[in-house]
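Source: prediction; values computed, not measured.
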Amino acid sequence: MSDRIKVLVADDVDHEDLIAEVQVDGDCVAVISQEEGELRIELDQSWVWSRGKKTIGLKEFQEAIEKAKASLLKMKKL
């Protein structure tokens, strides 16, 4: 995964459980949550429109999603 992509795990007031935010160049592109006992992804397309078209490699994005998933499952509240 390149330095352009980061995964941040946080406790967000809008979600019951922890979330993982996938960022590209500092902009949030996806949020993965554990709502209702199931992992869900929310894609944020505003990052494309706000700063012009950006691209990232599919493999890099998949790696970021897997890292976010693993981080959430590791930190899951029991």
Side-chain angles (χ1 to χ4, degrees):
M1 207 165 53
S2 75
D3 292 339
R4 294 181 59 208
I5 301 174
K6 295 191 177 2
V7 175
L8 305 173
V9 176
D11 192 5
D12 185 74
V13 296
D14 293 332
H15 294 86
E16 202 170 297
D17 291 312
L18 295 173
I19 62 158
E21 183 176 283
V22 178
Q23 295 183 349
V24 177
D25 297 330
D27 296 320
C28 176
V29 298
V31 174
I32 300 175
S33 66
Q34 309 177 70
E35 300 301 300
E36 301 172 18
E38 173 180 24
L39 290 176
R40 296 181 177 268
I41 186 167
E42 177 182 328
L43 300 172
D44 184 355
Q45 62 185 3
S46 65
W47 70 288
V48 174
W49 305 117
S50 67
R51 302 193 189 212
K53 184 177 180 179
K54 292 184 184 183
T55 61
I56 57 172
L58 179 59
K59 183 177 179 182
E60 283 185 295
F61 189 66
Q62 287 173 317
E63 288 173 359
I65 297 299
E66 286 301 318
K67 181 178 178 181
K69 177 183 171 183
S71 296
L72 284 179
L73 291 176
K74 182 179 178 182
M75 301 174 90
K76 186 172 179 153
K77 296 176 185 176
L78 299 176

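Grouping the Ile, Leu, Val, Met, Phe, Trp and Tyr side chains by contacts below 4.5 angstrom, directly or via other members, places V31 apart from I56. Both L18 and I65 sit in one connected hydrophobic cluster of ILVMFWY residues. Membership requires side-chain heavy atoms under 4.5 Å apart, directly or through other members.
A salt bridge does not link R40 with E42: none of the charged nitrogens is closer than 4.0 Å to a carboxylate oxygen.
Shown are I32, V7, L72; of these, the side-chain contact (heavy atoms from CB on, under 4.5 Å) with K67 is made only by V7. Screening D25, V22, V29 for a side-chain contact (heavy atoms from CB on, under 4.5 Å) involving I5 leaves a single residue, V22.
Rounding to the nearest 0.5 angstrom, the gap separating the CD atom in E60 from the CD atom in E63 is 7.0 Å. Atom CD in Q34 sits 10.5 Å away from atom CD in E16 (nearest 0.5 Å). Here the CD atom belonging to E21 is positioned 12.5 Å from the OG atom belonging to S33, to the nearest 0.5 angstrom. Here CD1 of I41 is found 10.0 Å from CG of L39. Values are rounded to the nearest 0.5 Å.
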